[in-house]
Trainee: 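I am attaching a structure below and will ask some questions about it afterwards.
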Amino acid sequence: MQENKIDEIILEPDAARIMEGLRDTGYDFNTAMADLVDNSIAANATVVKVYVNLNPDNSVKVYVADNGDGMDAAGLLNAMRYGSNQRPDPRSLGKFGLGLKTASTAFCRSLSLISKVDEGEYNEVCWDLDHVCKVNKWQLLRPEINPDEIELLEDVTNGKSGTLVVWDKVDRLLKTYAQVASLKKAHTRIVNNLNSHFAMVYQRFLDSDYTDNPIKIYVNNEEIKAWDPFCKSEPSCKILADEVKKVQFETGEMSEFKITAYLLPRLGDWSSPEAKKIADIKNDNEGFYIYRENRLIHYGDWLGIFQNDPHISLLRVEFSFDHTLDELFNVDIKKSRITLNEDIYEYLQKHFLPAPRNAANDLYRATAGSGANKKKPQDAHNASNAVIDSKETSLIQSKIDVIDAKSGSVNIENSRGNFVGKIKIVETDQTANNNVVLCQEGTESPLWKPGMQGNKHTAFINTDHAFYGKVYSRIEDSDVIAGIDYLLWAISEAEMTTYSSEVKEQYEDMRYNASRILKKLVDALPDVDMGDE
């Protein structure tokens, strides 16, 4: 029997198109920089210094220097290869041999590596996208080594082994700004965000409570301090569930992952205002915190099991695994996402999460019902009440006569005629009459409703409504408070001015529907601080 003949055809990829195409793999700046720091940690660095420099000509240059193992000339070539050799240690944070290149060229058109091993010589190689596009070849450059860059590296290595990554021709980090001041603010914001990202992602490498050999990471000479999302040092922080889940592969080999649910203290129970501020409690920070080999790779959601919800904003879940589960969880090239198989999804949804979720929900509701909500006093509305009072006579176009104060029955006279209706009525002495009045009507009641306090046409503001708690009560600017007061009073008075038997139900529906929509819109906003003065 004749064997099939195999003709080998080798197709070299188009260098220019591949390099340009891989610029769009979806990196954001923080994730890209973390990929570079991963390489430093994988090279056993104990110090990593990152610089995001804004030059006098408003261009940006980025450096990452470490005192890791360093590379000789052959090692540099391997590191710059797309699909570099697999690291000997499978626990390495570097995984696919692509991160350095794809993360860097997502933001720059020139990527250089300078490195040396111990007392050896410095070597430098460079991918320059403009050159690659010109010659359309996978052609590395060997530029002359810049003494200033050697100085940056030796500041970390003291002349011993280490590596410096250099981003030049950075074209995708800062936009073009008409004002230099705006450019500088954007640069500062980028640096501050990177600091926060490193503090969270590398917490277990920075924190001596987790490791006997913590590393040091600096960004623009500021040392990064670890951020613990679970606030384990807080006395009132609770562990609701703690399990180690075994996983068996088809080969019969076993592995495991660890999962722990933490319930943070309610906002009035923190040991100090500073501790509460550091915890940064908000909807975007609830959910899973997923660690691969102690490096945070994903956080801030529930992996599609359910949506983020302010009622469980105090619940955070640690999910830790090692490299043996990479394939099972489909760890992506950016090390920023995992996917769950059906068994693990069902385990989390039906067995692990229900009890912690219910506990977090109960704590939220107990706190919300405790009367501890931070609410502006009636005095905060004195300015708007004074202005409305001074102009009320010229503004109102309806006359309201009380028929029965207890039931709220009134006769409303306006340009459309005389109508009997029901509004909120608060009987009081003349000195307490106001046009804007705070009241508690329940979380499902409208944000506002027209009524009367004493002889005043009044807009009653429901302090139980989510919009009041998350927006209205937090406003510090008295002019903004007055502006919202004017708006709600004007809407209330307009309702009385155009009230009739035919439209009264539509007006009530409008208030309920608008309030319902507002409630949904503010769901994503952080909850009101509780127990604060």
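Note that this is a predicted model, so its numbers are computed, not measured.
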Trainee: Are more than 12 heavy atoms from other residues, nucleotides or ligands located less than 6.0 Å from atom NZ of Lys169?
Mentor: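 Check passes, neighbour count above 12.
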Trainee: Would you indicate whether the side-chain heavy atoms of Asn294 and Thr211 approach each other to under 4.5 Å?
Mentor: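 With C-beta onward as the side chain, the pair stays apart.
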Trainee: Can you tell whether the side chains of Asp24 and Arg172 come within less than 4.0 Å, N to carboxylate O?
Mentor: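 A salt bridge links Asp24 with Arg172.
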Trainee: Is a salt bridge present between Asp171 and Arg23, judged by a nitrogen-to-oxygen distance below 4.0 Å?
Mentor: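 Answer for the salt bridge query: yes.
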Trainee: Does atom NZ of Lys258 have more than 12 heavy-atom neighbours, drawn from other residues, nucleotides or ligands, at distances under 6.0 Å?
Mentor: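 More than 12 heavy atoms, drawn from other residues, nucleotides or ligands, come within 6.0 Å of this atom.
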Trainee: Applying side-chain hydrogen bond (donor to acceptor under 3.5 Å, both in side chains), can you list everything that pairs with Asp301, at least two apart in sequence or on another chain?
Mentor: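 Partners of Asp301 under the side-chain hydrogen bond (donor to acceptor under 3.5 Å, both in side chains) test: His298.
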Trainee: Could you pull out all residues at least two apart from Lys49 that satisfy salt bridge (Lys or Arg N to Asp or Glu O under 4.0 Å)?
Mentor: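 Scan of Lys49 (salt bridge (Lys or Arg N to Asp or Glu O under 4.0 Å), adjacent residues dropped) gives Asp155.
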Trainee: Can you pull out every salt bridge (Lys or Arg N to Asp or Glu O under 4.0 Å) where at least one residue sits in residues 191-206? Sequence neighbours excluded, please.
Mentor: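 Pairs touching residues 191-206 that pass the test: Arg204-Glu318.
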Trainee: For Lys184, does the NZ atom have more than 12 heavy-atom neighbours from other residues, nucleotides or ligands under 6.0 Å away?
Mentor: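 Not buried by this count: 12 neighbours or fewer within 6.0 Å.
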Trainee: Are the side chain of Glu293 and the backbone of His323 linked by a donor-acceptor contact shorter than 3.5 Å?
Mentor: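 Checked: pair present.
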Trainee: Do Asn283 and Ser313 have side-chain atoms, one donor and one acceptor, less than 3.5 Å apart?
Mentor: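 Their side chains do not contain a donor-acceptor pair, so the 3.5 Å distance test is not met.
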Trainee: Could you check whether Arg81 and Asn78, counting side-chain N and O atoms only, form a donor-acceptor pair closer than 3.5 Å?
Mentor: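 Arg81 and Asn78 do have a side-chain donor-acceptor pair below 3.5 Å.
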Trainee: Apply salt bridge (Lys or Arg N to Asp or Glu O under 4.0 Å) to the pair Lys276 and Asp269, showing each step before the final yes or no.
Mentor: CA-CA 9 Å; Lys276 181 182 66 176; Asp269 292 341; over 6 Å; no
Trainee: In terms of side-chain heavy atoms, does Asp38 have a donor or acceptor partner in Tyr202 at a distance below 3.5 Å?
Mentor: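 Side-chain D/A pair, Asp38 to Tyr202: present.
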Trainee: Between Glu149 and Tyr122, is there a side-chain donor-acceptor contact under 3.5 Å, judged purely by atom types and distance?
Mentor: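 Judged by distance alone, the side chains do not pair up.
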Trainee: Using the ring centroid of each side chain, check whether Phe352 and Phe319 are separated by less than 6.0 Å.
Mentor: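 When the ring centroids of Phe352 and Phe319 are compared, they turn out to be at least 6.0 Å apart.
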Trainee: Identify the residue among Leu240, Ile239, Asp362 that makes a side-chain contact (heavy atoms from CB on, under 4.5 Å) with Leu263.
Mentor: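 One option only clears the test, and that one is Leu240.
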Trainee: Within a 6.0 Å radius of atom CG on Asp212, are there more than 12 heavy atoms belonging to other residues, nucleotides or ligands?
Mentor: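 Result for CG/Asp212: open.
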